[in-house]
Amino acid sequence: MTVKPGTPVSRLDPEQIPRRDALGLLSLWSMATALLFATVGMLRLPKAAVLASPSKKVKVQLPETLADGEPFVPPGRSMAVFRQAGQVYAISTVCTHLGCIVKASAGGFACPCHGSEFEADGTVRKGPAPRPLDWLEVSTSGGALVVNEGATVKPGTKVNV
Amino acid sequence: MSDGPAPASALQEFRDNLLAVPGRIVATAFRSGRPVTDRARSSFVFGNVFLHLHAARTHRWSLRWATTAGLGIASVAAFLITLVTGVMLMFYYKPYTDVAYDSIKDIHFVVPTGRFMRNIHRWAANIMVVTVILHMARAFYTAAYRAPREFNWLIGLALLVTTLGLSFTGYLLPWDQLAYWAITIGANIAQSPREVTDAIGITATFDIGGLQRMLLLGSDIVGEEALIRFYLLHVMLLPLVIAALMAVHFWRVRKDGGLTKPADVNARMGPAPSDVYPVFSEMPAKTYHLAAVVKGRSPAVDGGPEQTVPSMPHLFYAELGVTMLTLFVCTALAMVSDAPLKELANPMVPENPAKAPWYFLGLQELVAFSAFMGGIGIPMIVLVGLGLIPYLDREREGTGDWCGGPGGWPLVQRSIAFGFSASLIVETIVIRYGWLREWFPDIPQLVITAVNPGTVITAIYAAYSLWLVRRYNSTRAGALGLFTCFLCGFVVLTVIGTYFRGPNWQFYWSPSDWPGH
């Protein structure tokens, strides 16, 4: 204690914190701050900077016999590609609710996990899905159709082929 | 030094000491000697690092079967069984997506005792979920959460959440269809705050949902990174967390004065039968005055040691009995029922219906109404509500009695009837007539997120509970009603999810009505 003995000090008087106590408090708070920043810094580690996911662009070959409005699901992909009046569009089959793969048919889409149902254009008909199915970007490259699973477009966007 | 006459030579002394080694190892390991006197029994407890979480003496009330039904000890026993069998499984399990499924198949079909270990692990985990929930119900209905045990109730809630976390991360590891779609759904529940941020249009700047999903999966797809993260959670992070929480939980049971006892417990128990339980056959070495100095709630205060018996053997034998019973039930179930293993994970085709294990089917029923409210909102409301109970109910009446407090057992009976009917009526409306989206197709998503069958049931229960507080002029009465309703809702949702949901999560009276694929 650096306070001289005999000095009347109230414990409630903030001006009378002895220097040693103030330094002790300061060191405790600096330790707490350091630990806080160390923790926040550590949390950066599990947030990956580079994602090891495969390419999202898919070349699609539509079967000649595909009828208008019938879905075509490329093998191993979660999307349905449609041909309608000479135009092509692609709708993602990943449910907007909790990510299950919806089953595509000419009349719409149905999700096996929690019962969401979608119209043929992807809008929600029934169930817990919060928004319509995503429409995917379709482009042509050297005569082949390319669908980009990573890029969504405005619903209703169709491409002439 | 050896006892008796001085040895003839150093060689003689060496021989004597060598012969005395086994006895001396035992004597130095258990310094208090055989626990035959009360004093030695006390030393046996507080001289042992594993036993000293217990008090040296236990109140006779705590040893009654009806006080706890042994549910806490059964939970610990189930945890220890999963710990041991889990380490066994780690000899062969490989957390890589291309071999994980095969390694589980090897464990199941090739490894000696592998199937048995895996079955025990799975059954012990299931039993742990059951006993933890029942243990919480016991603590609630005997009002054991009241002062000074409020904080231990919160630790208990954290233990419940960690137990469910261990179960969830556990059934993801086989990388079968159940695992893959459970990870997908779990990660998307973590992302479901987007349901709200999308609706108010701030996802581009504040995407807490996307961040949570990214941290869980370590990628934007469910793959190797996700499996290794859940493996890390299951075998390292969560076991460490649960072990630390358990240590605090047990320590506080003791420091908060042992188990909850009614205020008039000594009168109820009557005089101790002195011929059965010798009380202080000699002066204790550790004085109870010291214990009394610590705080007014230490075990010996208020009751006098006459109502207590030595923990060794009375408490420990009871605990061993419960442990053996738990082990017996786990091994018996493991012999008659195999742990499930579905087909290899197929990212293109979910199972139809894709069902979680039974303890999450109530939650699955809730997320089938709204991902955010069912998966995050309502569970958070329930947890906060449970956590607030000990801080709102500051009454004293009925502590230590089953269904104690104003209203008592008749109130609980009425709450059971109310809890079942409210959830069943709302479910009937949903199943028979649909919900807001079917009635008003253009309704904004935010309205459905806020007003869906899950939130409606929650609101009805909360209103009923507030009415009980007014009707009985007691917070305890409201808590009794709310907790009972919560259990009933859990049962109703779980049963519907388990038995009455079929393909596309449609309602069916029986699986035989399911349409063929």
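In this text the structure is predicted, and so the values were computed from the model without any measurement. Just so it is clear, the values below take in all heavy atoms, side chains as well, and ignore hydrogens, waters and symmetry mates.
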Among B:F372, B:F369, B:W181, single out the residue with the greatest number of heavy-atom pairs under 4.5 Å to chain A.
B:W181
Assert top hit (heavy-atom pairs under 4.5 Å, partner chain B, pool A:L98, A:T123, A:V102) equals A:L98
Donor-acceptor pair, distance only, cut-off 3.5 Å: does the side chain of B:R229 make one with the backbone of A:P46?
yes
Among B:T184, B:V349, B:I185, single out the residue with the greatest number of heavy-atom pairs under 4.5 Å to chain A.
B:I185
The interface call for B:L446 against chain A, heavy-atom contacts under 4.5 Å, is neither
Among the options B:V367, B:D198, B:N346, B:I448, pick out the one with the most heavy-atom pairs lying under 4.5 Å from chain A.
B:V367
Heavy atoms from other residues, nucleotides or ligands near CD of B:E343 exceed 12 (cutoff 6.0 Å)
no
Greatest number of non-hydrogen atom pairs under 4.5 angstrom with chain A, of B:A354, B:S219, B:A371, falls to B:A371
In this structure, are over 12 heavy atoms from other groups packed under 6.0 Å from A:W29 atom CH2?
no
Within 6.0 angstrom of B:K94 NZ, more than 12 heavy atoms from elsewhere
yes
Contact check, side chains of A:L51 and B:M214, non-hydrogen atoms, under 4.5 Å
yes
Pick one of side chain, backbone, both or neither for B:Q364, based on which atoms fall under 4.5 Å of a heavy atom in chain A.
both
When you measure from the side chain of A:R131 to the backbone N and O of B:Q445, does any donor-acceptor pair fall under 3.5 Å?
no
How about residues 112-119 of chain A versus chain B: which residues have heavy atoms under 4.5 Å apart?
A:P112, A:C113, A:H114, A:G115, A:E117
Taking all heavy atoms of B:G218 and all of A:A48, pick out the closest pair and write down the distance.
O-CB, 3.7 Å
CE/B:M348 to CZ/A:R77 distance, rounded to the nearest 0.5 angstrom?
7.5 Å
Taking the side chain as C-beta and beyond, is there a heavy-atom pair between A:K47 and B:L211 under 4.5 Å?
yes
Highest number of heavy-atom pairs under 4.5 Å with chain B: which of A:G127, A:S78, A:A110, A:C111?
A:C111
Mind checking the CH2-NZ spacing from B:W435 to A:K126? Nearest 0.5 Å is all I need.
14.0 Å
